[in-house]
Amino acid sequence: MESWKVETKCIQDGYRPGNGEPRVVPITQSTTFKYDSTEHVAKLFDLEAPGHFYTRLSNPTVEALENKVASLEGGVGALCTASGQSASMNAILNICESGDHIVSSNSIYGGTFNLFAITLKKMGIEVSFVDPEASEAEIESAFRPNTKALFGETIANPKLNVLDIEKMADIAHKNGVPLIVDNTFATPYLCNPFEFGADIIIHSTTKYIDGHATSVGGIIVDSGNFDWNNGKFPGLVEPDPSYHGLSYTENFKNAAYIVKARVQYIRDIGNCMSPMNAFLTNLGLETLHLRMERHCSNALKVAEYLESSEEVLSVTYPGLKSSPYKSLADKYLPKGTSGVISFRIKGGKERAIEFMDKLKLANIVVHVADIRTAVLHPASSTHRQLTDEQLAEAGIDPDMIRLSVGIENVEDIIADIEQAF
Ligand SMILES: *Cc1c(COP(=O)(O)O)cnc(C)c1O
């Protein structure tokens, strides 16, 4: 299986039917599973035998998706969650508790920013935000003795800057903590952050992995490479009283992190993915490679058109030759830089809103990264909770429009933009 290329993995990995079994991964719409003996069930509960027993913890349909994404990212295991937000939260809670601290790029998804700045804070976990383009020394100065992770996005939503994953991984490892990368916009087709030193990956599968805007979901993937035995992560090493004193690192070796995320956090918090959503997400994922190729080529053409337009103040797309992120994009995203563009229209916020209302093919939706071209005005929607100062830090101008380029015919997309101008 390992030698398969990404296109083959998208289609074939995660589920292998046996003789006479369904060709397509079945929807196992069952909360629970039947066993012949009490003893067997006891073994399942003690994590001594593999097997599904309750869909909050694991389910065959969900597992097929987990195995496919783990293979695509090159990880030792994965865990599906109810949403991308749940993936970020569980990824952090799995290694942080009240009194701990994390360092995060300040250029992240608005929902993640709120989770980090407001909700985690209420839970006693502090987050310091840093400019990912700052010097190593400057980023390192945000670390404290109680820091447990460094967090960033491969292609940040909505600023669209490309993360220097190797630099961030070096900083994290020097400080004895894992680098957690949100790889949602890049997808495992365009970038595999583990190859550059990231330790944990999360995705909002709601975006390109599903790709058709049917299912909200998330996933956490574990590289298996981080050494949790450095004294900073007792929760992974020391006996867990909720499992009769089992140690995750001792029992599950390099899968300790992802096993704990499942058997402790999904068990206790319950933000699991449903089998139906896993089925739909997996169906979408089967064509990820084809879709991403077209998203990338369409978006580059639209970005070049916008850059040449008199109506536009500036265009942000890391694939453009003029982009300050072009060299990082060439290194981390050689196959393309995804389908999301942002641009500033001449005429300010009013003109931005007027332009958007005139679009016909591109729809106004609070979503990005599916097959249909869509637009969004971040300042008045996804990021309206942020203060002007936070907006500026996240790279959002009032006249900025985010355009998620779909896989329709690119001439139709450009004609729609032209008539709206
Ligand atoms: C949408 C998004 C999330 C949150 O995912 P949900 O599935 O909406 O909870 C997290 N990170 C990024 C980069 C996103 O675009």
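Because the structure is a prediction, the values reported are computed rather than measured. For the numbers below, each heavy atom of this structure counts, side chains included, while hydrogens, waters and symmetry mates do not. Both ligands and their constituent atoms are indexed starting at 1 by order of listing.
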Can you classify the ring geometry of [X] versus [Y] as parallel (below 30°), tilted (30 to 60°) or perpendicular (above 60°)?
X      : Y      : result
Phe343 : Phe355 : perpendicular
Tyr243 : Tyr248 : perpendicular
Phe151 : Phe116 : perpendicular
Phe53  : Phe45  : tilted

For ligand 1, list all ligand N or O to protein N or O distances below 3.5 Å, rounded to 0.1 Å.
from: ligand 1; atom 1: 5 (O); to: Ser204; atom 2: OG; distance (Å): 3.0
from: ligand 1; atom 1: 7 (O); to: Gly84; atom 2: N; distance (Å): 2.8
from: ligand 1; atom 1: 7 (O); to: Ser204; atom 2: OG; distance (Å): 2.8
from: ligand 1; atom 1: 7 (O); to: Thr206; atom 2: OG1; distance (Å): 2.6
from: ligand 1; atom 1: 9 (O); to: Gly84; atom 2: N; distance (Å): 3.1
from: ligand 1; atom 1: 9 (O); to: Gln85; atom 2: N; distance (Å): 2.9
from: ligand 1; atom 1: 11 (N); to: Asp182; atom 2: OD2; distance (Å): 2.6
from: ligand 1; atom 1: 15 (O); to: Asn157; atom 2: ND2; distance (Å): 2.9
from: ligand 1; atom 1: 15 (O); to: Lys207; atom 2: NZ; distance (Å): 2.6

- Just jot down the side-chain hydrogen bond (donor to acceptor under 3.5 Å, both in side chains) partners of Asp164, sequence neighbours excluded, or say none. Tyr332
- Residues Arg344, Asp399: salt bridge by 4.0 Å N-O rule: yes
